[in-house]
Amino acid sequence: MRIVELSDIQKARSTIQNVIHRTSTLVSRTFSERLGTELFLKRENEQKTGSFKIRGAYNKIASLTAEEKRRGVIACSAGNHAQGVALSARLAGVKAHIVMPESAALVKIEATRDYGAEVILNGDYYDTAQDHARTLAAERGFVFIPPFEDPHIIAGQGTLGLELVEDAKDLDTVIVPIGGGGLISGVAVAVKALNPKCRVLGVQSVRAPGMAEAFKTKALGGAVKAASTIADGIAVKKPSPHIYENYISKYVDDIATVTEDEIAEAIVLLMERAKAVVEGAGATGLAALMAGKLKPGKRCAVVLSGGNIDMNIVEKVIERGLSRHGRLSRFSVVVDDVPGMLSRITACLAQQKANILQVEHDRISSDLALLETRIDLLVESNSEEHAKRIKAELKGLGLRLL
């Protein structure tokens, strides 16, 4: 397979520039001050289809022959590549078939259909979906559009790197999420060619760390267990040998992993401070910086790779992220089941200026005495210190906290 060079990425930009958005690269004063750097956010959540994937997908489909276009294309994806291929195919007048894992977010499934593709649900993870897509390609003659392991795909994604170097001069660090590795490969080739001293750093979810493990051990292992993660867009079990050997090992300076809590916190911070709706995969770069997993340097760019977050999990993500800051706290207390006890608790919370969001009673659990009740409270607090004061005041009432 041909290795992508800067000239390929420049050619890709000529191909796709009238189709994609040139997304903004803006300094975040809030995050710059917190992290002690000049931090730029590359907002691919503003891109057509809601992620960077259309860059590579359109470049690939545009490279097909007329006969290949007549046969139609097929792709596999947890969502963002699916939408990129679907829209690119529609713009090129090509029929698209997309195999998606059964666990894919509903918002991404529906969006893919809305772009005109036929969606086929198969398997639990991306890797299973890919096997099925390749089988269908062989049986029905479709052209397979890979999500990352293809020079046209990598070159298309690399156009993001060209924009970064042009829009944020003299960067010393670029941080990019890694799933299969197509995005960081293209970005790294572009950035290193134009600014050789700039570090390129990758981030993965700790629940799907295949490429991070390969980078750390300097060797590819087998497939790792990819658990369910809110960073579903980068949940790839088996690292690509081609991507690792020809791009990651040569151009990437370090790879960190981040937890679900750290990703959730970053999603919430981006909503609050940058007014940016970013999916789990897209928030991993900021998560790594906020958690101290990566060092930003003096002028750092973080790629917010996509914004296609499932609205069904937003509430959970927000609660998880706010909890990390002590702004949402859950308290469980066991009290005597007598009149007036709840009013004592609520009066205590009111005195502490804490807002009660939810109250639940449990009188029947086997671990409760006959005349006891458990009260679960979801409380809005303003900091970790505030939450600790609330806990201390509840204990001061003589209550048993669980």
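Applying the 6.0 Å contact sphere to NZ of K295 captures no more than 12 heavy atoms from other residues, nucleotides or ligands. Crowding of E315 atom CD: a count of heavy atoms from other residues, nucleotides or ligands under 6.0 Å not exceeding 12. More than 12 non-hydrogen atoms from other residues, nucleotides or ligands lie less than 6.0 angstrom from CG of L402. Crowding of K11 atom NZ: a count of heavy atoms from other residues, nucleotides or ligands under 6.0 Å not exceeding 12.
Listed for the H386 side chain is a donor-acceptor partner under 3.5 Å among the backbone atoms of N382. Formation of a donor-acceptor pair under 3.5 Å by the S51 side chain with backbone atoms of G306 is not found in this model. At least one donor-acceptor pair closer than 3.5 Å links the side chain of R299 to the backbone N or O of K169.
Residues V333 and I345 come closest through the heavy atom pair CG2-CD1, 3.9 Å. Closest non-hydrogen pair, F40 versus L171, comes out as CD1-CD2, 3.9 Å. Across all their heavy atoms, F331 and L401 have their closest contact at CD2-CD2, 4.5 Å. In terms of heavy-atom proximity, H152 sits nearest to D150 at N-OD1, 2.8 Å. What you find for L35 and L289 is that their closest heavy atoms are CD2-O, 3.6 Å.
Salt-bridge annotation for E118 and R140: absent, with no side-chain N of the basic residue lying under 4.0 Å from a carboxylate O of the acidic one. D253 and K192 are joined by a salt bridge, as a carboxylate oxygen and a charged side-chain nitrogen come within less than 4.0 angstrom of each other. Salt-bridge formation is not detected for the pair K388/E385: no Lys NZ or Arg NE/NH1/NH2 atom is positioned less than 4.0 Å from an Asp or Glu carboxylate oxygen. At a threshold of 4.0 Å, the pair E360-R330 does not count as salt-bridged, since none of the basic side-chain nitrogens sits closer than that to a carboxylate oxygen. Remark: R273 does not engage E33 in a salt bridge, criterion side-chain N to carboxylate O under 4.0 Å.
Counting heavy atoms from C-beta outward, M100 and K108 have side chains that approach closer than 4.5 Å.
T173 meets the side chain to side chain donor-acceptor pair (under 3.5 Å) test with R199; sequence neighbours excluded. Among residues two or more places apart in sequence or in another chain, the salt bridge (Lys or Arg N to Asp or Glu O under 4.0 Å) test is passed with R90 by none. A search for side chain to side chain donor-acceptor pair (under 3.5 Å) contacts involving E44 returns T23, Q47, R55, not counting sequence neighbours.
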R71 and E67: salt bridge (charged side-chain N to carboxylate O under 4.0 Å, His left out), yes or no, with the steps? CA-CA 7 Å; R71 285 159 49 194; E67 189 274 332; 3.4 Å; yes
Go through it in stages, so that I can follow the logic: the residues are S381 and I390, the test is side chain to side chain contact (heavy atoms under 4.5 Å, CB included), and I'd like the CA-CA distance, side-chain angles, deciding distance and then a yes or no. CA-CA 9 Å; S381 44; I390 295 169; 4.1 Å; yes
Apply side chain to side chain contact (heavy atoms under 4.5 Å, CB included) to residues V176 and L160 and explain how you reach the verdict. CA-CA 11 Å; V176 187; L160 187 155; over 6 Å; no
Going through the distances and angles, do E262 and M290 end up as a side chain to side chain contact (heavy atoms under 4.5 Å, CB included)? CA-CA 8 Å; E262 289 161 352; M290 298 300 295; over 6 Å; no
Show the numbers, then the answer: is there a side chain to side chain contact (heavy atoms under 4.5 Å, CB included) between V206 and T229? CA-CA 9 Å; V206 73; T229 170; over 6 Å; no
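To the nearest 0.5 angstrom, L357 atom CG is 4.5 Å from L378 atom CG.
The salt bridge (charged side-chain N to carboxylate O under 4.0 Å, His left out) test with R327 is passed by exactly one of E384, E272, E319: E272. Only one option out of V99, T135, I145 pairs with I74 in a side chain to side chain contact (heavy atoms under 4.5 Å, CB included); it is V99. When I175, N195, V191 are each tested for a side chain to side chain contact (heavy atoms under 4.5 Å, CB included) with V200, only one passes: V191.
Seen from the ring of Y247, K250 does not count as a face-on cation partner, given the 6.0 Å and 45° thresholds. A cation-pi geometry, defined here as NZ or CZ lying under 6.0 Å from the six-membered ring centre and within 45° of its normal, holds between R134 and F144.
Defined by atom type and a distance below 3.5 Å, a donor-acceptor pair is missing between the side-chain atoms of T284 and Q204.
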